[in-house]
Amino acid sequence: MTFMHPWLLLLLLLIPLAAVWHLGRERVRRPSLLTSSREELSIVRLSYKSLLKLWLSPVLLALAVAAAVVALARPIAVQSEQEVHSEGIDIVLALDLSGSMQAQDLKPNRLDAARAVAADFIRGRGQDRLGLVVFAGEAYTKCPLTLDHDLLLSQLDQVEIGEMEDGTAVGLALATGVNRLRESDAKSRVLILLTDGENNRGIDPRTALDLAITEGITVHTIGVGRDGMAPIPVQTPFGTRLQNIEAHIDEELLREIATKTGGRYFRAHDLSELKAVYEQIDKLERSEIEVTEYRLVEERFAPWLQAAVLLLACAMMLSLLMRRQVL
């Protein structure tokens, strides 16, 4: 409950002041009695009628005034409801699982860094359906478009290098992601493709690019990894050893894919840049949310006003009865 005129509640402070004034006045008006001993004084007692007149009637009057002040302050009950309308965006993440994603120029390695940043991105997209495509020498859908982000995160956590033939099938990844989005009726359909290499398996990426353009799907591409050599763990007869490799990112192709589909190409050399890339994509691809708020205001002054009238009537009746008895 709230009040339309809360400042009027300050008038309640006058009630205790009036009570002090009333007690002082009664003390002055009360007749004094001279007595020679305490024993005689103990015989004198205020009758219950006098007590009623002295206390009950003023208390009822004070409560009546308090109720009237609350009524004047206009108590109201406000109920608010919101209707949220969101068009939503369907987003598919295409994640490279080629062997070079084990490179440790991003800590702890490229795949784990990409997985952690993608997980944060997923958690921030509560209104959108998201899916996951993984690729190496081939490509497949790890998780279809879903609003069950916990399921998607568990699938993302399970992806591992080596679960398919090695290689970098950018064209197949692009085609698989587009096929997942082509039947979507979302206002905006987006594919985010992350890789650290160049296409060396499967179909020509430009064939898949034509399909993306035809379907009106926006593709953001991310090239991840440091320029030049990067350490990668390899198995040797003496155990796991770090060996420097050089990954070649086909930036020209990734930039072409992004540009022709209305997306953007991003380059992430380290973990901080990769986080910044996903933050930029998150800002670029935001759902339009329309919020309609309804407020229902219900007046609550009537019970207080009725209580004030009733208390005032009781106080007046009591005062009238006391006078008649005195007369």
Side-chain angles (χ1 to χ4, degrees), residues 92-119 131-144 152 154-180 191-209 211-212 219-258 265-271 274 277:
V92 169
L93 307 176
L95 181 61
D96 191 346
L97 296 184
S98 60
S100 58
M101 288 291 287
Q102 298 177 86
Q104 297 179 2
D105 49 346
L106 278 74
K107 299 300 180 183
N109 57 52
R110 292 176 182 175
L111 175 59
D112 287 341
R115 182 161 39 196
V117 176
L132 177 63
V133 168
V134 292
F135 66 98
E138 52 188 304
Y140 72 91
T141 301
K142 186 73 173 179
C143 182
L152 176 58
S154 69
Q155 293 295 313
L156 177 63
D157 190 54
Q158 294 172 19
V159 298
E160 295 291 345
I161 293 172
E163 60 183 68
M164 66 186 86
E165 180 186 355
D166 199 16
T168 308
V170 174
L172 283 175
L174 181 56
T176 304
V178 169
N179 281 330
R180 275 295 165 188
L191 174 64
I192 303 173
L193 189 149
L194 181 147
T195 183
D196 70 341
E198 53 189 354
N199 186 74
N200 54 26
R201 293 286 192 280
I203 65 173
D204 184 350
R206 288 176 176 82
T207 301
L209 172 59
L211 179 60
V219 183
H220 298 296
T221 55
I222 305 172
V224 63
R226 185 188 305 164
D227 295 323
M229 308 299 288
I232 186 172
V234 295
Q235 294 295 327
T236 71
F238 306 100
T240 303
R241 296 286 188 272
L242 289 179
Q243 177 180 323
N244 285 328
I245 63 161
E246 185 174 6
H248 299 280
I249 299 176
D250 192 345
E251 292 193 273
E252 181 180 348
L253 172 64
L254 296 179
R255 188 174 286 107
E256 180 183 355
I257 292 171
Y265 168 63
F266 301 91
R267 188 75 165 88
H269 298 87
D270 53 36
L271 181 57
L274 184 58
V277 166

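In this chain, residues are counted from 1 in sequence order.
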If we ignore hydrogens and angles and just use 3.5 Å, is the side chain of Asn109 paired with the main-chain N or O of Ala103 as donor and acceptor?
no
Using side-chain heavy atoms (C-beta onward) and a distance below 4.5 Å, is Leu97 in contact with Gln102?
no
Student check: side-chain heavy atoms of Val159 and Leu95 closer than 4.5 Å:
yes
Between Asp166 (side chain) and Ser98 (backbone), is there a donor-acceptor pair under 3.5 Å?
no
Kindly compute the distance separating CD (Gln104) from CD1 (Ile232), expressed to the nearest 0.5 Å.
8.5 Å
Side chains of Asp105 and Arg110 in contact at under 4.5 Å (non-hydrogen atoms)
yes
Taking the side chain as every heavy atom from C-beta outward, state whether Leu106 and His269 have any atom pair closer than 4.5 Å.
no
Treating Asn200 as the side-chain partner and Thr168 as the backbone partner, does any N or O pair qualify as donor plus acceptor under 3.5 Å?
yes
For the pair Thr195 (side chain) and Gly197 (backbone), establish whether a donor and an acceptor sit closer than 3.5 Å, ignoring hydrogens and angles.
yes
Start with the C-alpha gap between Ile249 and Arg267, add the side-chain angles, then the distance that decides, and say whether side chain to side chain contact (heavy atoms under 4.5 Å, CB included) holds.
CA-CA 10 Å; Ile249 299 176; Arg267 188 75 165 88; 3.5 Å; yes
Side chains of Tyr140 and Glu163, donor plus acceptor under 3.5 Å:
yes
Counting C-beta onward and ignoring hydrogens, is there a side-chain heavy-atom pair between Leu209 and Leu174 closer than 4.5 Å?
yes
Mind checking salt bridge (charged side-chain N to carboxylate O under 4.0 Å, His left out) for Arg206 and listing every partner two or more places apart, or none if nothing turns up?
Glu256
Apply salt bridge (Lys or Arg N to Asp or Glu O under 4.0 Å) to residues Arg226 and Asp270 and explain how you reach the verdict.
CA-CA 7 Å; Arg226 185 188 305 164; Asp270 53 36; over 6 Å; no
Looking at every non-hydrogen atom in both residues, tell me the closest pair between Tyr265 and Ala258 and how far apart they are.
N-CB, 3.6 Å
Taking all atoms of both residues into account, what is the closest heavy-atom pair of Pro205 and Leu253, and its distance?
CG-CD2, 3.7 Å
Any donor-acceptor N/O pair, Asp112 side chain to Pro108 backbone, under 3.5 Å:
no
Closest approach of Gly137 and Leu172, non-hydrogen atoms and distance?
O-CD1, 4.2 Å
Any idea which heavy atoms bring Ala114 and Met101 closest together, and the distance?
CB-CE, 4.4 Å
Hey, is the main chain of Val224 close enough, under 3.5 Å, to the side chain of Asp196 for a donor-acceptor pair?
no
Shortest non-hydrogen contact from Ala139 toward Thr176
CB-OG1, 3.7 Å
Considering all heavy atoms of both residues, which atom of Ala175 and which atom of Ile203 are nearest to each other, and what is their separation?
CB-CD1, 4.0 Å
Got Leu194 and Leu93 here, is their nearest side-chain heavy-atom distance under 4.5 Å?
no
Are the side chains of Phe266 and Thr221 in contact, using a 4.5 Å heavy-atom criterion?
no
Spatial distance of atom CG (Leu274) from atom CD1 (Ile222) [nearest 0.5 Å]:
6.0 Å
Please test Glu138 against Arg201 for salt bridge (Lys or Arg N to Asp or Glu O under 4.0 Å), starting from the C-alpha separation and ending with a verdict.
CA-CA 7 Å; Glu138 52 188 304; Arg201 293 286 192 280; over 6 Å; no
Would you say Asn199's side chain and Val170's backbone share a donor-acceptor pair under 3.5 angstrom?
yes
Keeping Gln158 on the side-chain end and Gln155 on the backbone end, is there a donor-acceptor pair under 3.5 Å?
no
